[in-house]
Amino acid sequence: MAEATLRIFRGDQGGGTMKDYRVPVAPGMVVLDALHHVQGHQAPDLGLRWNCKAGKCGSCSAEVNGRPRLTCKTRMDSLDLTQPVEVRPMKSFPVIKDLATDVSWNYQVNKKIPPFQPREGVEWKMQQHDVDRVQEFRKCIECFLCQNVCHVLRDHDKKAEFGGPRFFVRVAGLEMHPLDGADRIPLLKDALGIGYCNITKCCTEVCPEEIHITDNAIIPLKERVVDEYYDPVLKIVKKIFSAGR
Amino acid sequence: MAEAGLTQGGFGATARRDAWWLEMLPTIILIGGFSIYATARAFEGAHYLAGSYLSPFYSPLIDPDHKWWPLSPAVLILGFPLGFRVTCYYYRKAVYRSFLADPPACAVGEFWGKSYIGETRFPFILQNLHRYFLYGALVFLVFLWHDVWKALWFDDGFGIGLGTVIMAVNTSLLTLYAFSCHSLRHIIGGRLDCFGCAKAGLAQHKAWSLASLLNVNHMWFAWCSLVSVGATDFYIRLVATGAIKDLRIL
């Protein structure tokens, strides 16, 4: 049976080393299978997070050969096995142990977002074409790969000022909901700092659910912020029309 | 084997194994090359008219006889298409990555550190003016289509030359580029939360759906129209200087 070398980060936030493990490669094997082999046969103390092994729970996020990926959706035969396959934890979050990272900052950001609030006196009916748009945002599995690759968090460490792509997707799903009545535009501009996003689309590139994060969530939200804060002509037009009513 | 564990910071730092820097080269070559050519042509102030063909760099043609404007007529107008491209959501990605290395590629380290301001402050907060440049671009399209119409008429009446075809293709690509714009997609329907509740909601939904369909290819329209504008001007310049003769098709 063919073999491959897995070079895995072993350590914690204080530091660590990359350690090599030889694993047998079977047809259809994914990186998570290889990690499980290491855990089962060579390093029972290897720390990694996983759950469904089907690309739906979003737990097994890591960096494979430097690219943010779900390890359960990364086939070994898609990688160059003549070289060691490097598996590292997500860079943007503190390492708990080995490949397991502390993603709890995301849950703090999530708490800032007002949940769905139906418009006053709303009729509980929705047209299919109204629902279609927000359905895309519901596909998010919270793997946080988009948060990990976003340079605003990864390189500039703006966790205090910036929400990140995952939460722009959540806000988009709420703001574009046909029955929702809450206004999250001031939150987007200030607490979630959407202005820090400079549209480099890395979040879209890594999304395992293929959500068009930048084109369908972030840019439409940026345009809504422009409507509210950076378009004086629109403000005048709105005032004229509201005065005429 | 042991080595440094966590991915390090700093410009270019990455554990990626592919040639990530290759992504930057086409953008630098195309945008850099176009900028040099367009600047030279804009200030040249000559060879922009060849019979009924008018270079897109000079359309609409204002004060060609220099009655009140001493410089090239192109200088008067090029700010609008330039602003439309500079603030375009697609070109923002291309320029931030390739020219400002912010970031140079996904999961590759950069050098801006904590001083990063994104589009929250001057100068990049001005990117929010994109929709105003869009309005300008839509007006320019009217002039460009008018130029295509004029390019159908020669001294001996109606006809089609290679220049006519080039101008029509160029203006079509520019139209697709403008109509696939993210801001337009927002303005014509995307701003609504509920299409079913709005006045003319169904029509707005249809317009938004069509813009969304075009928007998927916004990047391609951006590149193709950039190349076609340069190529159209170059062809008209060649004909205007007498370097080549226009091929009459009809």
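The structure presented is a predicted model; accordingly, all values stated were derived computationally and were not measured. Chain naming here is simple, since letters A, B, ... match the order of the sequence lines and numbering starts at 1 in each.
- With respect to the salt-bridge test (charged N to carboxylate O, under 4.0 angstrom), the residues B/Arg97 and A/Glu205 qualify.
- For the options A/Met126, A/Gln83, A/Lys125, A/Glu161, heavy-atom pairs under 4.5 Å to chain B are most numerous at A/Gln83.
- Looking at A/Cys197, only its backbone comes within 4.5 Å of chain B, counting heavy atoms on both sides.
- Put simply, of A/Asp157, A/Ile219, A/Val152, the one with the most heavy-atom pairs under 4.5 Å next to chain B is A/Ile219.
- No more than 12 heavy-atom neighbours from other residues, nucleotides or ligands sit within 6.0 angstrom of CZ on B/Phe179.
- Looking at heavy atoms from C-beta onward, B/Asp102 lies in side-chain contact with A/His156 at the 4.5 angstrom threshold.
- The 12-atom threshold is exceeded at CZ of B/Phe99, counting heavy atoms of other residues, nucleotides or ligands nearer than 6.0 Å.
- With a 4.5 Å cut-off on non-hydrogen atoms, A/Val233 touches chain B through its backbone and its side chain both.
- The candidate with the highest count of non-hydrogen atom pairs below 4.5 Å against chain B, out of A/Val225, A/Val64, A/Asn216, is A/Asn216.
- Taking the side chain as every heavy atom from C-beta outward, B/Arg92 and A/Asn198 never approach each other to under 4.5 Å.
- In this structure, A/Arg67 forms no cation-pi arrangement with B/Trp20, as its terminal cationic atom is not both closer than 6.0 Å to the ring centre and no more than 45° off the ring axis.
- Neither the backbone nor the side chain of B/Val216 comes within contact range of chain A; no heavy atom of the residue lies under 4.5 Å from a heavy atom of that chain.
- Taken from OH in B/Tyr96 to NZ in A/Lys201, the straight-line distance is 14.5 Å, to the nearest 0.5 Å.
- The two residues B/Tyr132 and A/Tyr230 come nearest to each other via the heavy atoms CE1-O, 4.3 Å.
- Around the CD atom of A/Glu210, the shell of radius 6.0 Å holds no more than 12 heavy atoms that belong to other residues, nucleotides or ligands.
- Between chain B and the residues A/Gln127, A/His212, A/Met176, the largest count of heavy-atom pairs under 4.5 Å involves A/Met176.
- Under the 4.5 Å side-chain criterion, counting only non-hydrogen atoms from C-beta, A/Thr214 is not in contact with B/Lys93.
- Within a 6.0 Å radius of NZ in B/Lys206, no more than 12 heavy atoms belonging to other residues, nucleotides or ligands are found.
- Counting heavy atoms from C-beta outward, B/Glu119 and A/Lys222 have side chains that approach closer than 4.5 Å.
- The two residues A/Pro220 and B/His186 make their nearest non-hydrogen contact at O-ND1, 4.2 Å.
- The interface of residues 189-198 of chain B with chain A, defined by heavy-atom distances below 4.5 Å, comprises B/Gly190, B/Arg191, B/Leu192, B/Asp193, B/Cys194, B/Phe195, B/Gly196, B/Cys197.
- Between chain B and the options A/Arg10, A/Glu175, A/Glu123, A/Lys189, the largest number of non-hydrogen pairs under 4.5 Å is found for A/Glu175.
- Not a single donor-acceptor pair under 3.5 Å links the side chain of B/Tyr116 to the backbone N or O of A/Lys158.
- In terms of non-hydrogen atom pairs under 4.5 Å with chain A, the most contact-rich of B/His218, B/Gln127, B/Arg131 is B/Arg131.
- Residue B/Ile187: no heavy atom, backbone or side chain, is found under 4.5 Å from chain A.
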In a table with atom names and distances, give each donor-acceptor pair under 3.5 Å that connects a side chain of residues 80-89 of chain B to protein atoms at least two apart or in another chain.
from	atom 1	to	atom 2	distance (Å)
B/Arg85	NH1	B/Tyr91	OH	2.9
B/Arg85	NH1	B/Ala222	O	3.1
B/Arg85	NH1	B/Ser225	OG	3.3
B/Arg85	NH2	B/Ser225	OG	3.1
B/Thr87	OG1	B/Gly83	O	2.7
B/Thr87	OG1	B/His130	ND1	2.7
B/Tyr89	OH	A/Glu223	OE2	2.6

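- Other residues, nucleotides and ligands contribute more than 12 heavy atoms inside 6.0 Å of the CZ atom of A/Arg22.
- The most heavy-atom pairs under 4.5 Å with chain B, out of A/Val149, A/Asp215, A/Asp180, come from A/Asp215.
- Neither the backbone nor the side chain of A/Asn148 comes within contact range of chain B; no heavy atoms are under 4.5 Å apart.
- With a threshold of 4.5 angstrom between heavy atoms, B/Phe111 does not approach chain A through any atom at all.
- What you find for A/Glu86 and B/Ala15 is that their closest heavy atoms are OE1-CB, 4.1 Å.
- Annotation for B/Trp69: atom CH2 counts as buried by contact number, over 12 foreign heavy atoms lying within 6.0 Å.
- Counting only heavy atoms from C-beta outward, the side chains of A/Tyr229 and B/Asn128 never approach each other to under 4.5 Å.
- Put simply, the side chain of A/Ile218 does not reach to within 4.5 Å of the side chain of B/His182, judged on heavy atoms.
- In this structure, no portion of B/Arg121 lies under 4.5 Å from any heavy atom of chain A.
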